[in-house]
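One structure is given here, and the rest of the page talks about it.
Every chain is numbered from 1, with letters handed out A, B, ... down the list of sequences.
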Protein chains: 2
Amino acid sequence: MPKAPDASSGPVSAELIEKAAVQLFGERTYPLVGMRDISNAVGILPGSLYVHIRRKEDILLRIVENGIQRYLDAIEPVVESSAPAPDRLRGAIVAYMRVLADTLPQTRVAFHQWTYLSPDMQERVIVLRRRYEGLFTRVLREGIANGEFRPTAHLRIAVLAILGMLNAATEWFAPDGGLSAQQVGDLLADSALKGLEQR
Amino acid sequence: MPKAPDASSGPVSAELIEKAAVQLFGERTYPLVGMRDISNAVGILPGSLYVHIRRKEDILLRIVENGIQRYLDAIEPVVESSAPAPDRLRGAIVAYMRVLADTLPQTRVAFHQWTYLSPDMQERVIVLRRRYEGLFTRVLREGIANGEFRPTAHLRIAVLAILGMLNAATEWFAPDGGLSAQQVGDLLADSALKGLEQR
DNA sequence: CCTACCGATCGGTAGG
DNA sequence: CCTACCGATCGGTAGG
């Protein structure tokens with residue numbers, strides 16, 4: 001028996017550390033989770049973490065970056081397809097909810113705790129967030145240009161309203177609640193689309 | 001000259017400490033703000049803070065509780081009026097945006113940082129949040145009952161979608177941006193109402 | 001991956 | 001409201 005106070009006693013790796021950190025950061029947030037908490041969760045001593053990682057902040061950065069990346073990977077193809085804008089918007093929203101359901105704890109960390117990164121790391125995150133916002137902006141803009149959506153004087157607010165609705169699901173979606181990601185996605189797409197419909 | 005490294009050198013009080021803390025918590029979040037940062041902002045030495053407050057946590061609790069209370073005070077009368085449900089919902093949303101514009105930094109702390117309170121203090125906050133959510137639930141439920149809104153199988157999701165949209169404004173609303181609270185409120189009310197309309 | 005440890009900083013207090 | 005200080009905990013490192 002090596003020493004493992006916790007963890008399923010496999011080999012420790014940067015990935016395993018990240019997995020443990022996602023849980024801990026999700027429960028108590030980055031500044032309240034100590035390296036000692038993380039080392040305990042993976043079954044090694046605090047100093048030994050630095051065999052696998054360089055700094056605490058690097059753990060957070062990786063969680064955040066590939067947490068957002070998953071959304072980009074899922075939504076980008078839908079937005080770039082040649083379907084009608086309303087279908088693409090619905091598809092993007094459902095894709096969003098699917099990723100959310102699959103990576104709920106990581107999403108909570110990625111969307112809310114990237115502000116604990118140092119300024120230069122935050123800039124890398126902001127680039128990703130802008131691309132993410134840009135995908136929804138694009139569908140709306142194209143839908144309006146084609147006459148599929150009602151024109152708005154304030155496109156950005158329409159986008160932020162939809163993203164706000166979606167991002168809030170981060171806080172209330174329950175994977176084992178009554179509704180699946182698909183169902184919630186369809187409901188949210190319904191309200192988003194009603195607000196944009198040509199009458 | 002007393003010693004004040006900062007602050008406009010008035011008499012220090014619990015209220016002044018809270019005011020300084022709202023700014024600091026808003027910028028760097030509760031766990032990253034030390035008592036030394038707060039004492040510096042009000043122009044006294046760290047230990048002297050305890051003349052005015054009992055614990056760091058009490059500062060946060062007061063900011064959070066009366067931050068939420070302002071929303072209740074503004075929205076409750078609108079919801080309890082005898083106007084048609086669509087008008088009450090619009091009124092509640094506009095009232096929300098007005099309070100948001102008036103207390104933006106405090107709202108950011110109140111809505112996102114109450115989770116740093118200890119469990120028993122969190123419970124007091126949860127009571128307030130439930131009342132807040134309840135106000136919107138009530139307008140929607142009554143509007144559906146009266147046939148003013150289209151029935152939904154998932155009332156709670158409709159409420160959460162609207163609240164999510166509103167709460168997100170916490171992160172993007174700019175008091176000195178192009179749009180007033182009233183204007184943003186009306187735009188958001190438009191999308192919320194479109195999603196609920198009887199067709 | 002462990003042993004042993006470092007300087008810095010934290011919230012908070014005793015006693016005036 | 002200050003002086004002076006406390007124990008605890010923090011991220012991180014040297015040297016094996």
Task: d(CZ, F25(A); C1', dG11(D)) in whole Å - done: 12 Å
TODO: Would you please classify the geometry between the F111(B) ring and the Y96(B) ring as parallel, tilted or perpendicular, with 30° and 60° separating the classes?
DONE: tilted
Task: Any Y50(A) side-chain nitrogen or oxygen under 4.0 Å from OP1 or OP2 of dG12(D) - done: yes
Task: Main-chain N/O of V78(A) paired to R88(A) side chain as donor or acceptor, under 3.5 Å - done: no
Open item on the list: Between R108(B) and E27(B), does any NZ, NE, NH1 or NH2 come within less than 4.0 Å of an OD or OE carboxylate oxygen?
Closed with: no
Open item on the list: Nearest whole Å is fine: how far is dG12(C) P from I44(B) CD1?
Closed with: 14 Å
- [ ] When you get a sec, tell me which of dC1(D), dT3(D), dG11(C) is the closest nucleotide to the side chain of M35(B)?
- [x] dG11(C)
Open item on the list: Please pick, from dC1(D), dG12(D), dC1(C), the nucleotide with the shortest atom-to-atom distance to any side-chain atom of V12(A).
Closed with: dC1(C)
Task: Whole-Å gap separating P (dG11(C)) and CG (L49(B)) - done: 10 Å
Task: Value in whole Å for how far the C1' atom of dC10(D) lies from CD1 of I38(A) - done: 12 Å
- [ ] For the side chain of R55(B), starting at C-beta, report the closest nucleotide among dC1(D), dC2(C), dG12(C).
- [x] dG12(C)
Task: Rounded distance (Å) that lies between atom P of dG12(D) and atom CD1 of I17(A) - done: 13 Å
Task: Length of the NZ-P vector between K56(A) and dG12(D), whole Å - done: 8 Å
Task: d(CG, N40(A); P, dT9(D)) in whole Å - done: 13 Å
TODO: Return the nucleotide paired to dG15(C): Watson-Crick means purine N1 to pyrimidine N3 with N6-O4 or O6-N4, wobble means G-U with N1-O2 and O6-N3, both under 3.5 Å.
DONE: dC2(D)
Task: Side chain of L45(A) (C-beta onward), nearest among dC2(D), dG12(C), dC2(C) - done: dC2(C)
TODO: Classify the side-chain pair T29(B)/Y116(B) by whether it contains a donor and acceptor separated by less than 3.5 Å.
DONE: no
TODO: For E57(A) and S118(A), indicate whether the former's side chain and the latter's backbone hold a donor-acceptor pair under 3.5 Å.
DONE: yes
Task: Nearest listed nucleotide, side chain of R36(B), among dG11(C), dC1(C), dT3(D) - done: dG11(C)
Open item on the list: Return whichever of L32(A) or R54(A) has its heavy-atom-nearest nucleotide of DNA chain D closer to the 5' end.
Closed with: L32(A)
TODO: Quickly work out the H52(A) NE2 to dC1(C) C1' distance and round it to whole Å.
DONE: 8 Å
